[in-house]
Protein chains: 2
Amino acid sequence: MSNRLFGSGAAHLGKSARTRARLMDAAVELFARDGFEAASVNEIARRAEVANGTFYVHFRDKDEIASKVALAIAGSVTRQLDEAMIGIEDAVERTSMGTRRFIDLIGNAPDWGRALLRALWTFPALRDSVAGHLRDDLERGVAQGAFDVQVDPVLIDVFVSMVMSGLFGRLSGSAPDDIASRVAELQLRMLGVPANRASAVSRQDLPTVSLSLVPLSA
Amino acid sequence: MSNRLFGSGAAHLGKSARTRARLMDAAVELFARDGFEAASVNEIARRAEVANGTFYVHFRDKDEIASKVALAIAGSVTRQLDEAMIGIEDAVERTSMGTRRFIDLIGNAPDWGRALLRALWTFPALRDSVAGHLRDDLERGVAQGAFDVQVDPVLIDVFVSMVMSGLFGRLSGSAPDDIASRVAELQLRMLGVPANRASAVSRQDLPTVSLSLVPLSA
DNA sequence: CCCAAAAATGAGAGATATCCCAATAAACGC
DNA sequence: GCGTTTATTGGGATATCTCTCATTTTTGGG
């Protein structure tokens, strides 16, 4: 049931680190289940099987634990995406893969997927971090002559919101299995890729990469 | 300053209706300023210059007033969009206009715009209501041979999320003035409209329609 | 094995929320 | 005007939350 996202990574560190990890795991579960606002520090501590006051030894308040958690997850996800794309030069493929992997990776982990989705919405800094990698691929596509758009914050925001839409559908269970491909295809078309190529690229097989462990960052 | 969105419409109704309207106006302001969760019933009542307990005469709880407010606003907005598009047969133009007007209309009213944006996120029923009209236009476009896509919930979700992205940018002040056109253009391209036509249609002049009053619904 | 440092504890002060209800005031048909 | 119905009032019971701090427990180096 509980993934112990952080807990597993901190098993053989000091006690402080383990408690900290338990708190972060509990926070992820609660943020995912109840949303950020509705989750209380009290319940995070209770679920972590830790006394109320212990929370405040490790985090100043709810905001602090939230941003720590979100940054750790997002960092791990983007790192994994980067690695999976090493060696791929074609921007059309990179862009499509990025969207598909992102949705699949996060969408298959409903527990912290929800937490991350909420965090993406709440903390603009997170969006910006994701957007950085994206921007590179989009500009590469323009340079390669594959994309016919103006790469700017508007385009990036729209692009990201499309990914989030697919992610949301996947997490809420209302989306078909191929939603990641569908979204990627629509994005490629939007960018100016001919319809047949967009369809082909967004549907080509993708070696399945299972979810990763998230190392604990201070 | 205060728009008295509901208050003005209820001026000459019974006293109960007027109090109700005052509460709804206060709720809109507070939801917009503090977000749904952070707004308290106490403060809604205080801002409406009404006793604490009066709130509960009219609404069961915060959720109820929120959904009533959101539905009223959304209904009014979609009604206004519909009216503005009477007589326009071309699906490409209709689609583009819908997006542009929606963003401009709501984006220019930061006070309740934020409230509506949050509501769209929170209440799926609202999205569905907006999606209904949209679906008609998309299918019309396919029938006219202008759009080359499969009209289904995935497409609609993606489309709506693109609109919301533009709306969010406008409301947060980070977007350029022409964001509505930009988003509409990207949407048309996604739907299969040739780039030059998408650019032209999404940039053609749009008679400015100012915001409307929202009649009070039970 | 011992003891200083580090970590964890949990009761509780102080804010603030929601929601109820008996009492009061206003509105309206006759 | 009068009396009944309808609306409003505001105090308070109850709940929950955040955050503090004096105290206790655990840890790990020597």
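Throughout, a chain's letter reflects where its sequence line sits, starting with A, and its residues are numbered from 1.
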Notebook entry, point to check: Would a 4.5 Å heavy-atom cut-off, applied to side chains only, mark B:V50 and B:F55 as touching?
Noted result: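 They are not in side-chain contact.
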Let me know the distance between [atom1] of [X] and [atom2] of [N], rounded to the nearest Å.
X     : N      : atom1 : atom2 : result
B:L23 : D:dA7  : CG    : P     : 13 Å
A:Y56 : C:dA11 : OH    : C1'   : 15 Å
A:I65 : D:dT18 : CD1   : P     : 12 Å
A:F59 : C:dA7  : CZ    : C1'   : 14 Å
B:L30 : C:dT16 : CG    : P     : 16 Å
A:E43 : D:dT18 : CD    : C1'   : 15 Å
A:N42 : C:dA17 : CG    : P     : 17 Å
A:D63 : D:dT18 : CG    : C1'   : 13 Å

Check: Taking NZ, NE, NH1 and NH2 as the nitrogens, is one of them in A:D25 or A:R47 under 4.0 Å from a carboxylate oxygen of the other?
Finding: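 No salt bridge links A:D25 with A:R47.
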Notebook entry, point to check: When you measure from the side chain of B:S40, which nucleotide among C:dA17, D:dC19, C:dT9 comes out closest?
Noted result: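 Of all the options, the side chain of B:S40 is nearest to C:dA17.
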Check: Considering only D:dC19, D:dT8, C:dA8, which nucleotide approaches the side chain of A:D61 most closely?
Finding: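 For A:D61, the side-chain atoms sit closest to D:dC19.
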Note to self: If we count only N and O atoms by modelled type, under 3.5 Å, do the side chains of A:T95 and A:Q187 hold a donor and an acceptor together?
What the structure shows: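 Absent: no donor and acceptor within the cut-off.
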Notebook entry, point to check: Atom CZ in A:R189, atom CG in B:L188: separation rounded to 0.5 Å?
Noted result: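 Going from CZ on A:R189 over to CG on B:L188, the span is 12.0 Å.
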Check: Can you name the closest pair of heavy atoms from A:A45 and A:N52 and give their distance?
Finding: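 Nearest pair, atom of A:A45 first, then A:N52: CB-CA, 4.0 Å.
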Margin query: Between the base of D:dC19 and the side chain of A:N52, is one N or O donor paired with an acceptor at under 3.5 angstrom?
Written below: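 When only heavy-atom distances are counted, A:N52 does reach the base of D:dC19 through a donor-acceptor pair under 3.5 Å.
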Item checked: Residue closer to the 5' end of DNA chain D, A:G53 versus A:A38 (nearest nucleotide) ->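 Its nearest nucleotide being more 5', the pick is A:A38.
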Margin query: Considering every strand and a 4.0 Å limit on heavy-atom distances, what is the contact class for A:S16: base, sugar-phosphate, or nothing?
Written below: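 Touches sugar-phosphate only.
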Next item on the list: Report which part of the nucleic acid B:V57 touches: base, sugar-phosphate, or nothing (heavy-atom distance under 4.0 Å, all strands).
Entry: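 Counting heavy atoms under 4.0 Å across all strands, the contact made by B:V57 includes a base.
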Check: Distance check: side-chain N/O of A:H58 vs OP1/OP2 of C:dA7, anything under 4.0 Å?
Finding: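 False: A:H58 side-chain N/O out of range (4.0 Å or more) of C:dA7 OP1/OP2.
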Notebook entry, point to check: Should B:T19 be listed as having a side-chain N or O under 4.0 Å from OP1 or OP2 of D:dT8?
Noted result: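 B:T19 to D:dT8 OP1/OP2: side-chain N or O found under 4.0 Å.
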